[in-house]
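The block underneath contains the structure these notes are about, expressed in structure tokens.
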Amino acid sequence: MWLVVVFDLPVGTKTERRRASGFRNMLIDEGFMMKQFSVYLRPCQNRAAAESLADRIGKCSPPEGDVSVMFFTDKQYGLTRNYAGRAELEPEKKPDQFTLF
């Protein structure tokens with residue numbers, strides 16, 4: 001399961017910029033990787049973990065602006081096509097799971 005967070009936050013005042021920067025830093029602290037400046041993504045182990053993370057993101061969203069959290073299965077996200085200019089790139093890979101025992 002992949003979570004994609006898309007946001008449009010106001011940055012007109014110093015307070016708004018600080019809130020937007022704090023929100024981006026929170027996403028990075030939660031393990032998200034930046035896809036574009038306002039688009040972050042992260043793989044999750046399962047739907048329950050994704051729902052829990054989405055709830056935390058909602059509670060940390062700044063009071064102004066728009067934040068959307070989208071859910072994609074691994075199969076759906078695997079259909080993603082990335083381009084750098086006209087060159088097609090591989091989509092981000094889900095990290096391998098670690099076995100401790």
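A quick note: this is a predicted structure, and the numbers were derived from the prediction, not measured.
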Do Arg42 and Leu53 touch side chain to side chain, with heavy atoms closer than 4.5 Å? yes
So do Pro43 and Met33 actually touch side chain to side chain, heavy atoms under 4.5 Å? yes
Quick one: are Pro62 and Glu16 in side-chain contact, heavy atoms under 4.5 Å? no
Are side-chain heavy atoms of Ile57 and Phe32 found at a separation under 4.5 Å? yes
Not counting sequence neighbours, which residues clear ring-ring contact (aromatic ring centres under 6.0 Å, His included) with Phe72? List them please. none
With a 4.5 Å cut-off on side-chain heavy atoms, are Asp66 and Val6 touching? no
Minimum-distance pair of heavy atoms, taken over all atoms of Leu9 and Gly65: CD2-CA, 4.1 Å
Least distance between heavy atoms, Cys44 atom then Ala50 atom: SG-CA, 3.9 Å
Side-chain contact, heavy-atom cut-off 4.5 Å: Leu3 with Phe71? yes
Spacing of CE belonging to Met34 relative to CD1 belonging to Ile28, to within rounding of 0.5 Å: 7.5 Å
Looking only at heavy atoms, what is the nearest atom pair of Thr73 and Trp2, with distance? O-CD1, 4.3 Å
Is there side-chain contact between Glu64 and Arg19, with heavy atoms separated by less than 4.5 Å? yes
Is there a donor-acceptor contact under 3.5 Å from the side chain of Asp74 to the main chain of Met1? yes
Ser21: what forms a side chain to side chain contact (heavy atoms under 4.5 Å, CB included) with it, not counting sequence neighbours? Arg24, Asn25
Mind listing the closest non-hydrogen atom pair of Ala20 and Pro10 along with its distance? CB-O, 4.5 Å
Pairs in or reaching into residues 78-89: which pass salt bridge (charged side-chain N to carboxylate O under 4.0 Å, His left out), with residues at least two apart or in two chains? none
Any idea how Phe23 and Phe7 line up, ring-wise: parallel (<30°), tilted (30 to 60°), or perpendicular (>60°)? perpendicular
